Number of protein chains: 2
Amino acid sequence: MALIGQPDVKQAGEVRPEKVTAATQVYGALRQDILKGILKPGQKLQIDQVAARYGAGANPVREALNRLSSEHLVDRHDQRGFFVPQLSLESLRELVKTRCWLESKALEESIANRTQAWEDNIVLAFHRLSRTRIRLPEEGGDNSEWEVRHRAFHNALIAACGSSWLIGFCNEMMDHAERYRYVSMTTTYPRRDSDEEHRLIMEAALDGDVELAKQRLTDQYKLTLRHLEEEQIDGGSE
Amino acid sequence: MALIGQPDVKQAGEVRPEKVTAATQVYGALRQDILKGILKPGQKLQIDQVAARYGAGANPVREALNRLSSEHLVDRHDQRGFFVPQLSLESLRELVKTRCWLESKALEESIANRTQAWEDNIVLAFHRLSRTRIRLPEEGGDNSEWEVRHRAFHNALIAACGSSWLIGFCNEMMDHAERYRYVSMTTTYPRRDSDEEHRLIMEAALDGDVELAKQRLTDQYKLTLRHLEEEQIDGGSE
DNA sequence: TAAGGCAAAAATGTAGATTATATCTTCGGT
DNA sequence: ACCGAAGATATAATCTACATTTTTGCCTTA
């Protein structure tokens with residue numbers, strides 16, 4: 001129905017600042033702590049403890065945990081409670097394999113739909129990433145800034161793929177990959193030469209060389225996997 | 001209580017049947033009602049009403065809604081409540097496109113990893129599907145049995161792809177596709193000739209003809225999309 | 001018509017009751 | 001004494017009832 005000049009239209013894009021609830025805050029905090037490995041794989045997330053930790057009541061905590069359980073960032077067992085999921089080399093391999101499949105496809109589509117804005121964003125994201133120094137353990141070892149930019153770069157690559165589903169799936173997997181990186185961060189750091197690899201991916205993408213770009217992207221993931229395989233990252237299961 | 005002759009032995013390594021909580025029951029019920037279109041797209045899910053409907057308290061309902069929100073089966077707005085997501089032709093197109101991409105890939109991998117058991121399950125699933133009659137509106141129009149078997153068939157095809165991530169993503173999208181089918185069920189029914197299409201997909205897959213199988217699979221999805229496009233399924237947004 | 005102000009409605013959160021699970025203890029048989 | 005079953009206690013998850021906070025709808029006023 002064409003509503004000409006309707007006064008208080010609720011436009012789809014209207015942004016009313018949504019006041020965040022306690023549940024949402026706990027959700028965000030828990031998410032970070034799980035991704036960063038502060039909460040250990042296998043650990044039980046007891047309601048009372050979590051509530052105390054984040055200064056919230058049992059219900060908001062419970063809601064947050066329920067959300068996270070649907071993202072597979074916590075395991076839920078009825079009447080038994082919530083747990084931080086275990087990590088394993090085997091599931092990491094499956095994760096990387098699937099990332100290669102899906103991000104390749106997303107990159108391919110993105111290149112097919114390339115626009116000026118897409119290219120610009122990639123260049124920008126790369127620039128920011130390459131200017132972020134990797135901090136070694138001696139320096140405090142907080143690489144969360146790098147993680148954020150790293151993720152932004154990979155997101156920029158696939159942003160034009162034309163499927164919010166696919167972007168969502170890739171992001172979900174990025175979350176989990178990030179957790180593996182953080183948990184093994186005690187021993188492994190982002191490689192110094194990753195900048196160069198990212199540059200190569202970017203260049204192939206901007207050149208419109210689909211096959212080369214996909215190749216370089218998946219090579220990078222596989223290389224990172226190999227590095228992690230060399231460590232024992234079986235999340236405390238032994 | 002104590003059922004004589006049926007003592008609840010706890011065998012070693014036994015998988016103890018998890019007693020379902022109220023939250024989980026509501027979750028399942030809500031999920032079904034949303035997928036089947038009983039709860040209309042765009043509709044507000046008021047806590048009290050939902051609680052009354054399923055005979056539960058506010059908290060279990062809230063937990064169920066939080067889980068569903070992470071699956072994109074309900075929209076959540078802090079302090080504003082929960083809603084059944086809208087449907088639109090545009091997002092259906094994106095959904096179908098993404099399904100084609102991912103299920104093609106999954107099918108390809110499945111065929112590459114084919115085993116006897118995989119083939120058997122496909123044959124079995126096809127048999128069951130083909131023996132399920134489609135009920136027209138006059139006959140009550142409940143095609144949930146068909147939906148279950150239809151889904152089982154497509155799952156059997158991709159079961160050997162080697163990635164639980166990919167299988168999960170495909171299933172998530174199947175849920176949403178199912179909702180589109182149910183909502184437009186007033187006018188559209190599973191096509192009579194879909195049996196034949198499924199047979200062709202199965203045959204190509206069992207023959208190990210990757211390209212043909214993928215082609216037939218995606219053709220089917222695109223054909224179904226075209227059928228739905230001919231209807232107005234824009235969930236009451238106008 | 002537009003802004004401001006209320007009151008009702010609804011979402012969210014708290015506290016404590018209830019129920020299930022896990023743990024510990026006891027008892028009978030070997 | 002040792003093992004396992006049965007029962008009792010402690011712990012923790014879950015749920016209910018109600019308090020608090022925010023939003024929504026409506027009415028008044030400029």
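As the structure is a prediction and not an experimental result, all values here were calculated from the model. By convention in this document, chain letters (A, B, ...) are assigned in the order of the sequence lines, proteins followed by strands, and residues within each chain are numbered from 1.
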Rounded to whole Å, please give me the gap between [atom1] in [X] and [atom2] in [N].
{"X": "A:Gln46", "N": "C:dT21", "atom1": "CD", "atom2": "P", "result": "16 Å"}
{"X": "A:Asp48", "N": "D:dT11", "atom1": "CG", "atom2": "C1'", "result": "10 Å"}
{"X": "A:His77", "N": "D:dA12", "atom1": "NE2", "atom2": "P", "result": "17 Å"}
{"X": "B:Ile47", "N": "D:dT22", "atom1": "CD1", "atom2": "C1'", "result": "14 Å"}
{"X": "B:Asn66", "N": "C:dG13", "atom1": "CG", "atom2": "C1'", "result": "13 Å"}
{"X": "B:Lys19", "N": "C:dA20", "atom1": "NZ", "atom2": "P", "result": "5 Å"}
{"X": "A:Asp78", "N": "D:dA12", "atom1": "CG", "atom2": "P", "result": "19 Å"}
{"X": "A:Gln49", "N": "D:dA12", "atom1": "CD", "atom2": "C1'", "result": "10 Å"}

**Report entry** Candidates C:dG13, D:dC15, C:dT21 - which lies nearest the side chain of A:Arg80
**Finding:** C:dT21

Query raised in the report: Under 4.0 Å between a side-chain N or O of A:Lys44 and OP1 or OP2 of D:dA13?
Result: yes

Query raised in the report: Is the shortest side-chain N/O distance from A:Arg76 to OP1 or OP2 of D:dA13 below 4.0 Å?
Result: no

Report task. Determine whether the side chains of B:Ser91 and B:Tyr180 contain a donor N or O and an acceptor N or O closer than 3.5 Å. Result -> yes

Query raised in the report: Which residue, A:Gln79 or A:Ala56, contacts DNA chain C at a nucleotide closer to its 5' end, judged by nearest heavy atom?
Result: A:Ala56

Requested in this report: Would you indicate what B:Ala23 reaches in the nucleic acid, counting non-hydrogen atoms under 4.0 angstrom: base, sugar-phosphate, or nothing?
Outcome: sugar-phosphate

Query raised in the report: Under a 4.5 Å cut-off applied to non-hydrogen side-chain atoms, are A:Ser163 and B:Trp101 in contact?
Result: yes

Query raised in the report: Centre of A:Tyr221's six-membered ring, under 6.0 Å away, within 45 degrees of the axis: is that where NZ or CZ of A:Arg99 sits?
Result: yes

Report summary line: In short, A:Glu94 meets B:Gly162 closest at the heavy-atom pair CG-O, 3.4 Å

